[in-house]
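This report concerns only the one structure given below.
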Amino acid sequence: MEVFTSVSALRQFLDHLVYQHKTIGLVPTMGALHEGHISLIQASKTDNDITVCSIFVNPAQFNNPEDLLKYPRTLDADSKMLEEAGCDAIFAPSVEEMYPEQPVMKFDFGALERVMEGASRPGHFNGVGIVVSKLFNIVKPNRAYFGQKDLQQVAIVTKLVGDLSFGLELITAPTIREEDGLAMSSRNRRLNEEERHIAPHIFQILESAKNALLKGEPVEKVIRQATAAFAGITAFKLDYFEIVDINTLQPTTSIMPAGENAICVAAFLGPVRLIDNIVF
Ligand SMILES: Nc1ncnc2c1ncn2[C@@H]1O[C@H](COP(=O)(O)OP(=O)(O)OP(=O)(O)O)[C@@H](O)[C@H]1O
Ligand SMILES: CC(C)(CO)[C@@H](O)C(=O)[O-]
Ligand code: BAL
């Protein structure tokens with residue numbers, strides 16, 4: 001497996017492979033890898049000749065300086081996991097390599113970013129739009145892989161790819177969970193033992209809400225019950241709990257056909273902010 005920190009060295013490597021008509025899959029990450037990321041690598045390996053994993057903690061998408069500072073950085077362990085998974089190349093640039101100058105472009109994803117993550121983390125999706133566009137331009141992948149755990153990010157990147165005609169195929173992969181249901185996340189490793197024990201309640205509350213909706217309970221009542229369930233566990237500070245139409249990500253007052261509904265949640269456990277969702 002090759003490790004690149006410069007755009008020019010990565011391009012040299014890839015140009016050679018493109019010349020041989022190899023297809024390229026890109027898995028963008030911020031590192032501190034876990035089985036969720038590895039599932040994306042495996043999907044890319046199935047579909048493409050060459051898999052590139054980018055590891056870059058992108059300052060432009062952090063609105064909270066402490067979150068950026070404390071974001072886990074584990075490049076050695078990440079490289080080992082990627083090597084074992086059969087990844088072909090890592091692109092791990094420095095901030096200076098990615099942003100030699102402050103970018104002037106600004107993305108506004110409209111209604112898509114006025115809710116949930118976009119509303120709670122102002123500027124977040126502008127930063128995601130910039131870095132993902134740069135990664136697409138640098139790697140020029142045939143396919144790019146994103147996790148459903150970041151559901152709103154999938155919608156934003158889908159819009160980005162359409163609007164800017166990136167001409168690549170986006171693949172969304174299901175959320176990989178711990179045995180107790182907790183969605184795997186790099187930020188989980190910032191939880192202390194007690195918080196880690198409480199964290200699976202996020203998925204349990206999501207599941208209860210889904211079951212209640214499927215039984216015909218009204219949306220408003222289900223939101224009230226879920227909010228009360230979070231309030232009943234004092235360690236949690238709920239940021240949002242939304243039942244949305246998966247096509248628009250806007251809150252719904254009634255349930256859509258199967259497969260078009262999502263329940264999305266963000267909650268703090270101590271200083272750590274976790275997100276999760278269920279699509280049904
Ligand atoms: N549990 C998971 N299952 C499947 N894909 C995942 C999972 N967790 C993250 N991903 C996907 O991996 C890609 C890189 O995500 P990222 O590096 O931010 O990891 P993360 O674990 O989501 O970290 P954090 O949530 O702490 O920022 C994203 O497309 C994300 O949706
Ligand atoms: C897509 C991404 C790697 C862009 O920095 C990030 O938002 C993430 O890890 O989901
Ligand atoms: N997984 C999304 C990246 C972020 O939280 O900034």
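In this text the structure is predicted, and so the values were computed from the model without any measurement. Every number for a ligand or one of its atoms is a count from 1 in the order of the listing.
- In terms of polar-atom proximity, defined here as any N/O pair under 3.5 Å, Asp150 makes no such contact with ligand 2.
- Residue contacts with ligand 1, taken as heavy atom pairs separated by less than 4.0 Å, involve His37 solely via side-chain atoms from C-beta onward.
- At a 3.5 angstrom cut-off on N or O pairs, Gln148 does not count as close to ligand 1.
- Pocket lining of ligand 3, defined as residues with a non-hydrogen atom under 4.0 Å away: Met30, Gln61, Arg121, His124, Asp150, Arg187.
- Aromatic ring pairs are classed by plane angle as parallel below 30°, tilted from 30° to 60° and perpendicular above 60°; the pair Phe136 and Phe146 is perpendicular.
- Listed by number with element, the atoms of ligand 1 under 4.0 angstrom from any heavy atom of Pro174 are 3 (N), 4 (C).
- Close approach to Thr29 involves these atoms of ligand 2, each under 4.0 Å from a residue heavy atom: 3 (C).
- Of all atoms in ligand 2, listed by their number and element, those nearer than 4.0 Å to a heavy atom of Pro28 are 3 (C).
- Linking ILVMFWY residues whenever their side-chain heavy atoms come closer than 4.5 Å, directly or via other members, places Val154 and Val279 in the same cluster.
- By the 3.5 Å distance cut-off applied to N or O atoms, Met30 is counted among the residues near ligand 1.
- Contacts between His34 and ligand 1 below 4.0 angstrom, taking non-hydrogen atoms only, involve the side chain exclusively.
- At a 4.0 Å cut-off, not a single heavy atom of Pro72 sits close enough to ligand 1 to count as contact.
- Cation-pi check for Arg177 over Phe203 is met; the charged atom lies under 6.0 angstrom from the ring centroid and within 45 degrees of its normal.
- Neither the backbone nor the side chain of Ala32 comes within contact range of ligand 1; no heavy atom lies under 4.0 Å.
- Aromatic ring centres of Phe236 and Phe230 lie closer together than 6.0 Å.
- Residue contacts with ligand 1, taken as heavy atom pairs separated by less than 4.0 Å, do not involve Val27 at all.
- Ring geometry for Phe56 against Tyr99 counts as tilted: the plane angle lies between 30° and 60°, on a 0 to 90° scale.
- Checked by distance only, ligand 1 and Thr29 stay at 3.5 Å or farther apart across all their nitrogen or oxygen atoms.
- Inclusion of Gln153 in the set of residues having an N or O under 3.5 Å from an N or O of ligand 2 is warranted.
- Counting the atoms of ligand 2 from 1 in the order shown, those under 4.0 Å from a heavy atom of Val131 are 4 (C), 5 (O).
- Taking any N or O of Ala173, backbone or side chain, none lies under 3.5 Å from an N or O belonging to ligand 1.
- Taking any N or O of Asp150, backbone or side chain, at least one lies under 3.5 Å from an N or O belonging to ligand 1.
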